[in-house]
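These notes concern the structure reproduced below.
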Amino acid sequence: MPRRGSEPDGRLAKAGRSRDAAIAFKLAFSSNVFPISSGVPISGNELRSITSKSRPRSSRSSRLLSRLRVANSKSIFFFCFPAFLIDNPMSSDCRKPYPFDQIEPKWQVIWDERQIFHAPNSGEKNFDSRKPKFYVLDMFPYPSGAGLHVGHPEGYTATDIIARYKRMRGFNVLHPMGWDAFGLPAEQYAIKSGQHPAVTTRENVAKFKSQLKRIGFSYDWQREINTTDPGYFKWTQWIFLQIYNSWFNPKTNKAEPIKTYRGKNPDEVRLAYVADVPVNWCPELGTVLANEEVVDGKSEVGGFPVVRRPMRQWMLRITAFAERLINELEGLDWPEGIKLLQRNWIGRSEGAEIDFKIENQDAKIRVFTTRPDTLYGGTFLVLAPEHSLVDLIVTEEQWPAVRAYREKTARKSDLERAELTKEKTGVFTGAYAVNPANSKKIPIWIADYVLLGYGTGAIGGVPAHDERDLEFAKKFDLPIVEVVQPTGKEPAIGFTGEGIAINSPIINGLTSAQAKRKIAAWLEERGQGKRAINYKLRDWLFSRQRYWGEPFPIVWESEADGQHRKHRALDQTELPVVPPPLEDYKPTGTGEPPLAKAKDWIRYSKEAARETNVMPQWAGSCWYYLRFCDPWNDKRFVGEKAEKYWMGGPKPGGVDLYVGGTEHAVLHLLYARFWHKVLFDLGYVSKPEPFQRLVNQGIILGEDNQKMSKSRGNIVNPDDVIEQYGADAFRCYEMFMGPLEQMKPWSMRGVEGIARFLARVWRLMMSENQAGKWELSSAVQDVDLTKAQQKILHATIKKVTGDIESLSFNTAISQMMIFVNAFTTAESIPLSAMQTFLILLNPFAPHLSSELWENVKLPGQITEQPWPGYDEKFLIEDEVEIVIQVNGKVRDRMNMSIQASEEELKAAALANPKIQQLIAGKIVQKTVIVPKKLVNIVV
RNA sequence: GCCGAUGUGGCGAAAUGGCAGACGCAACGGACUUAAAAUCCGUUCCUGCGAAAAGCGGGGUAUGGGUUCGAAUCCCAUCAUCGGCACCA
């Protein structure tokens, strides 16, 4: 069945008449409750379930319902032919509020053919260097098989309004779209069907693209990119090489080429390195999962158990940039909440590292603490069970217990380990350490509440002033020593706040802050410790045992001993490294990536084999905003000039507005910032940050106020909405629902309301003649505006302009409704006012406003018009209504001249008979006068 | 447990120190129509006095306090919902 708009020709003519029949056909076939071939009559209930997306009483579906009944009773073969072949005799009553089904495809074709939203780069034809640039970007989607849902176009509509608005304001606007197309679903599908992921991806992209085009977005499609395109991932691999070939120089606080490193082994400091790290291994799926793919200790897909297991993995040294990633948030116009989320994720904490001597051993145990001032209260040490020193220090008699505990811990998942919040567990190692502050002998334990991955993997237990240590000490009967005196009345034991140091000879009487500084200096002098900063952020696990991702541009070469292999980067001329074709995408089950099955591909040379891991899905999205600046470049990941222009400007971030969901608040946005900083340090890009202004759109819930999901059956498909109400109504409704950043439920009735508004705009200028054809209304005339019309027009210009700037699209639409309501009753419709109004409406409803612009035979294209300005003088009235309050309560109002002085206002208010009645016999204590607004009389 | 956001009619919301509920939905009434749809007009927070209408009054923005001439808006506490983090030393 041909979808409307899917064929280049003839779609305008065909679309209208058979539409309802087509809907009926589609509904009937899409529903399993309707046995078409058998011709069994259907019940009203079944019909209602077919059409239950809109309530049965809504006009369109009830008409549909009656049509279905008629068809069903009269001739069952109505459903046996493709509906578009049937010339439905009843289609004459198929009245749309306005002919959006003809207007919208028409303008989409015009925009496409004339390429009017193409933004030329400097040096190209039509590039106007006098205009300022504006880069407005959406988070590009993963083109899933399910197609677009109504959540996607929410942010996309917002950015489209901004893009269209900014063009009219005289900016060169970069507004591109692309596909984040590497990823698990296409690969899973390949495993099931044997269909190559590239094929699935191509199909899904085509579907997404046609859906987006149908909404009328003004993307520059010439700049479309796809992360799975070799012409794109060649440069993803190239950037990886830059990272691999760099190190972080702590002296300059920058990434530098590895050749500037003076140490012996550069492999120790590269920003991309190989390490054995514990990963989320899912035996059932036969693959490693990213942290975000693990929910409550189980795989997000399938709910299979996930275990921690050490594996050899590629890592990126993002932790080197932790400090800058925190500090440089400052200059960005991001929601404070998102900045906070990133800061918390990075988790910087200041403190000290302290060395504890082990009794009868040479080794020392280094612990990290944020409270060095509590050192005197340290009555035991705890090591993470996996800590490497455990083997060394554990005593003979404690060995069996320690080994058993370690085994038990290893078997636990992270979830189980965290679950045991109530009962602390642990085992004494038999060894003792010496507290450097008071030289006391303290026992060394191991416990799973100490994590190997944070700090040094060891802590000094200060039970008096740390909840966890207190719990542990109570359970195992360890001594508790108070060393901080609270300033309030609370008991000292269990007090974790700042107070006054006690029982601590060196720092007694000092505040916690002073004590921290003094004890750190004291330790430093004696070589027993130093100030230190720690981060929760870990290095980025960058390899995946999957097929559908970017292969690493790395080979492993045999060493002289024939045993060990050493990684080496490929030369940039050898890019792209394209994944081999595979028959079988299935995971091997051993943790070896599927690429290992491509034996020929792996063999790079006699001595060297290719890396078989692939990059995670984040890789492609880490730099796509850069590629959009210059997507055709085959010499460089982005041309220098193009990058400078589109990513330039006075602020630290390049993209002027970036809109997307909060789900990427941490990972994508952090990873992209990290890559950008590396490229910046190496001199490849001109700004330290990728995204200047960030806005998160809120989630759209189903009509039942629940999250949209297949299982709940409350998913709204944009195609269905556009089919019924048109793309302009869809766009406007998405914006009218409420504030962009807020979570809000969908309502089909609401869409209807917006469709009515757009139809009123249409009928304001168009009327239907005898023959049922739309023609320009005779009411539209070249007449002067009344004073009231002048005022409302300028108020509308002001409000819509301001609201677009602040992304308050819902109230902008409200104001346009007020405008239309006011003009609906007018006898003649002033052309000049409508001309201005159409420009204001254009970013929201581009098809409708373009068509009306053309119908009124206004000069040029609406998209080329300059944005209107407003004149404050039309907004000011001679008289204003002044509210009179008595003790803050409104008692009356009066009209006063705009020029009335405070004294005049006061006198008029006091003279008001109603007010006089109310204040009779009372003494006026005070009057508050707000010019042009109110008078408040206090008695 | 910690951090953050939010809380206003039957519903989506507006107002960010000055007339609470703009605009839209829904409901009800009216006009047009043979009828329906569509369209247009009107009404709709709660409550007291009045037979009713007009009119006059009281209360109301999660709850309880506070600041202010004046609070949905600012401050404190509590509750609820949503999101993030979660033994991070």
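Convention: sequence-line order gives letters A, B, ...; per-chain numbering from 1.
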Do the two ring centres, one from [X] and one from [Y], sit under 6.0 Å apart?
X	Y	result
Trp762(A)	Phe100(A)	no
Trp774(A)	Tyr98(A)	no
Phe819(A)	Phe837(A)	yes

Rounded interatomic separation in angstrom, taking [atom1] from [X] and [atom2] from [N]:
X	N	atom1	atom2	result
Ile346(A)	A86(B)	CD1	C1'	18 Å
Leu340(A)	C2(B)	CG	P	16 Å
Leu910(A)	C69(B)	CG	P	18 Å
Tyr98(A)	U39(B)	OH	P	13 Å
Tyr725(A)	G24(B)	OH	C1'	14 Å
Ile365(A)	A89(B)	CD1	P	20 Å
Arg760(A)	U39(B)	CZ	C1'	10 Å
Asn821(A)	G24(B)	CG	C1'	10 Å

>> Syn or anti for G66(B)? Use the chi torsion, O4'-C1'-N9-C4 for purines and O4'-C1'-N1-C2 for pyrimidines, with syn inside 90° of 0.
In response: anti

>> For G84(B), does the O4'-C1'-N9-C4 or O4'-C1'-N1-C2 angle fall within 90° of 0, making it syn, or is it anti?
In response: anti

>> Under 4.0 Å, heavy atoms only, any strand: does Arg538(A) hit a base, just the sugar-phosphate, or nothing?
In response: base

> Which part of the nucleic acid, if any, lies within contact of Gly347(A), taking any heavy atom under 4.0 Å across all strands shown: a base, the sugar-phosphate backbone alone, or nothing?
Replying inline: nothing

> Given the rule that a pair is Watson-Crick or G-U wobble with both distances under 3.5 Å, how would you write RNA chain B in dot-bracket, using | for pairs to a different strand?
Replying inline: (((((((..(((.....[....)))((((((.......))))))(((((.....)))))..(((((..]....))))))))))))....

> Mapping Asn887(A) and Gln815(A) onto RNA chain B by nearest heavy atom, which one lands closer to the 5' end?
Replying inline: Gln815(A)

>> Go nucleotide by nucleotide along RNA chain B from the 5' end; which of Val666(A) and Gly457(A) gets its closest nucleotide reached first?
In response: Val666(A)

Considering only side-chain heavy atoms of [X], which listed nucleotide, [options], is closest?
X	options	answer
Trp345(A)	C85(B), A26(B), C69(B)	C85(B)
Thr370(A)	C3(B), G59(B), A89(B)	A89(B)
Arg763(A)	A26(B), C40(B), G24(B)	C40(B)
Lys707(A)	G83(B), A26(B), C23(B)	G83(B)
Thr369(A)	A89(B), C3(B), G84(B)	A89(B)

>> For Glu423(A), is there an ion pair with Lys475(A) - N to carboxylate O distance below 4.0 angstrom?
In response: yes

> P atom, U39(B) versus C25(B): distance in rounded Å?
Replying inline: 10 Å

>> I'd like the C1' distance from G17(B) over to C32(B), given in whole Å.
In response: 48 Å

> Would you say A89(B) has OP1 or OP2 under 4.0 Å from some side-chain N or O of Ser349(A)?
Replying inline: yes

List, one per line, each side-chain donor-acceptor pair under 3.5 Å for residues 367-380 of chain A, sequence neighbours excluded.
unit_1, atom_1, unit_2, atom_2, d
Thr369(A), OG1, Arg371(A), N, 2.8
Arg371(A), NE, Asp373(A), OD1, 3.0
Arg371(A), NE, Asp373(A), OD2, 3.4
Arg371(A), NH1, Thr496(A), O, 3.1
Arg371(A), NH1, Gly497(A), O, 3.3
Arg371(A), NH2, Asp373(A), OD2, 3.1
Arg371(A), NH2, Gly497(A), O, 3.3
Thr374(A), OG1, Arg371(A), O, 2.7
Thr379(A), OG1, Pro479(A), O, 2.8

>> Generate the contact string for nucleotides 8-22 of chain B. Rules: B means base contact, S means sugar-phosphate contact only, - means no protein heavy atom under 4.0 Å.
In response: ----BSS---BB--B

>> Does the plane of the ring in Phe476(A) sit parallel, tilted or perpendicular to the ring in Trp445(A)? Use 30° and 60° as the thresholds.
In response: tilted

> So, is the end of the Lys424(A) side chain (NZ or CZ) under 6.0 Å from the ring centre of Tyr449(A) and within 45° of the ring's axis?
Replying inline: yes

>> Would you say that Glu498(A) contacts Lys516(A) through its side chain, given a criterion of any heavy-atom pair below 4.5 Å between the two side chains?
In response: yes

